[in-house]
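Please read the structure below before turning to the comments.
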2 protein chains.
Amino acid sequence: MNEQSNEEVCMCALDGTMDLLGKKWALFTINAIGNHGSVRFKDLYSELHRISPSTLSSILHQLESRGVVSRESFAEIPPRVEYRLTQNGIELRQAILPLLAWASRQDDYARQAEKCDPRQYVKVTLSRDR
Amino acid sequence: MNEQSNEEVCMCALDGTMDLLGKKWALFTINAIGNHGSVRFKDLYSELHRISPSTLSSILHQLESRGVVSRESFAEIPPRVEYRLTQNGIELRQAILPLLAWASRQDDYARQAEKCDPRQYVKVTLSRDR
DNA sequence: CTGTATCCTAATAGATACTG
DNA sequence: CAGTATCTATTAGGATACAG
């Protein structure tokens, strides 16, 4: 079942969210985890080309503490840890799609689009008045 | 007329956008300008409580250079300058609404909602499965 | 009024080495 | 493998004074 309502919400609701998403690797990390379903630290580390382990570790902690990502640790040798999006994280990933569509229409996107990592692609519905 | 298409877009389209929107005052500035239609530097300065003039100046330059905001200067004494959203800026403001709706459902929003500046309120459609 | 210039502090993130 | 610790460079942003 689905409930809808019109509410007044303050922009400052986005303060904490933008603190997080404004971080250089946050969106790539969320997207990469979502694409994989479940993924290990080392795979994120190699897929997010040029991130440092300390930065990835920091981002994962923040995503986990905000309930966007869950972490499951397995008692094996060598150790194995799997990260996945929570339901809340899946909803966040949906919520950024309109912004992604907007960004893809900006001039600066065309210039860099060819150099993009194919694993970081997302399908969006682009609509444009004209 | 309206054209729709499904396209693959890279997350890195958001790189520059998040660089901008992740800045502490960017969204408040966009929203305040949008609420006013047209607004002067000093009015933004007082409405965005606790921003510094150098920071506001910097944000306005960035918004202008990205085609989100337009600046019109009048040859009067005392000087007058009016800022407004471009069409592109209006679309950006729409595009962040789903993210705002998501953010408003997070635990940390309830805690601070009472202290919000009423001039920074936005109407959003909240939907929630249950 | 509309900003800019300067100074200063805090936060971000990269590289690298190292631990459990 | 999955991180943490340390060090460093760059950037963000606040306060204040001042210029056009």
Side-chain angles (χ1 to χ4, degrees), chain A residues 11-12 14-33 36 38-66 69-84 117 120, chain B residues 11-12 14-30 32-33 36 38-66 68-84 108 117:
Chain A
M11 284 299 288
C12 67
L14 273 168
D15 261 0
T17 302
M18 294 313 286
D19 277 356
L20 178 64
L21 300 187
K23 302 248 161 71
K24 182 167 179 181
W25 294 98
L27 282 170
F28 286 117
T29 306
I30 291 168
N31 189 51
I33 296 175
H36 284 274
S38 181
V39 64
R40 302 175 66 162
F41 189 92
K42 79 160 166 27
D43 295 324
L44 282 173
Y45 182 62
S46 53
E47 180 163 332
L48 302 177
H49 197 48
R50 292 184 191 290
I51 199 173
S52 73
S54 41
T55 303
L56 178 55
S57 173
S58 162
I59 288 290
L60 287 171
H61 279 298
Q62 292 173 67
L63 292 174
E64 197 189 352
S65 79
R66 286 169 191 268
V69 156
S70 66
R71 176 185 187 277
E72 188 177 13
S73 170
F74 298 86
E76 301 174 0
I77 294 177
R80 178 166 62 100
V81 174
E82 300 272 355
Y83 292 93
R84 51 176 64 241
D117 184 334
Q120 293 297 335
Chain B
M11 284 299 288
C12 68
L14 273 168
D15 261 0
T17 301
M18 295 311 288
D19 277 356
L20 178 64
L21 300 186
K23 301 246 161 73
K24 183 166 178 182
W25 294 98
L27 281 169
F28 286 117
T29 306
I30 291 168
I33 296 174
H36 283 276
S38 182
V39 63
R40 304 176 65 164
F41 189 93
K42 77 161 167 26
D43 295 324
L44 282 173
Y45 182 62
S46 52
E47 182 163 331
L48 301 176
H49 198 48
R50 295 186 188 286
I51 198 174
S52 72
S54 40
T55 303
L56 178 55
S57 174
S58 163
I59 288 291
L60 287 171
H61 279 299
Q62 293 174 67
L63 292 174
E64 197 190 351
S65 80
R66 286 169 190 270
V68 169
V69 155
S70 66
R71 177 185 187 276
E72 187 176 12
S73 168
F74 298 87
E76 301 174 1
I77 295 177
R80 179 164 63 99
V81 175
E82 301 272 354
Y83 292 93
R84 52 176 64 240
D108 57 350
D117 185 332

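Residue numbers start from 1 in every chain, and the chains themselves are labelled A, B, ... in the order their sequence lines are given, proteins ahead of strands. Please read these numbers as outputs of a predicted model, since none were measured by experiment.
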By nearest heavy atom, map A/Ile51 and B/Arg71 onto DNA chain C; which one lands nearer the 5' end? B/Arg71
Between A/Tyr45 and A/Asp19, which residue's closest nucleotide on DNA chain C lies nearer the 5′ terminus?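 Comparing both residues, the 5'-ward one is A/Asp19.
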Below the 4.0 Å mark, does [N] have OP1 or OP2 next to a side-chain nitrogen or oxygen of [X]?
X: B/Trp25; N: D/dG14; value: yes
X: A/His61; N: D/dG3; value: no
X: B/Lys23; N: D/dT11; value: no
X: A/Arg50; N: C/dG14; value: no
X: A/Ser52; N: C/dA15; value: no
X: B/Arg40; N: C/dT2; value: yes

Both B/Ile59 and B/Pro53 contact DNA chain D. Which one's nearest nucleotide lies toward the 5' end? B/Ile59
Nearest to side-chain heavy atoms of [X], which nucleotide of [options]:
X: B/Val81; options: C/dG14, D/dG13, C/dG3; value: C/dG3
X: B/Lys24; options: D/dG3, C/dA13, D/dG14; value: D/dG14
X: A/Thr55; options: D/dG3, C/dG14, D/dT16; value: C/dG14

Does A/Ser58 reach a base, just sugar-phosphate, or nothing at all? Heavy atoms under 4.0 Å.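 Contact class for A/Ser58: none.
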Touch check for B/Tyr83, heavy atoms < 4.0 angstrom, all strands: base, sugar-phosphate only, or nothing?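 Result for B/Tyr83 = sugar-phosphate.
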Between P of D/dG13 and CG of B/Leu60, the distance in whole Å: 13 Å
Would A/Lys23 and A/Ile59 count as a side chain to side chain contact (heavy atoms under 4.5 Å, CB included) here? Give the steps. CA-CA 8 Å; A/Lys23 302 248 161 71; A/Ile59 288 290; 3.8 Å; yes
Quick one: does any side-chain atom of [X] pair with a main-chain N or O of [Y] as donor and acceptor, under 3.5 Å?
X: B/Arg66; Y: B/Leu20; answer: no
X: B/Arg71; Y: B/Leu60; answer: no
X: A/Thr29; Y: A/Trp25; answer: yes

Check if the side chain of A/Ser57 and the base of D/dA2 share a donor-acceptor pair of N or O atoms closer than 3.5 Å.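 Per atom types, no contact qualifies.
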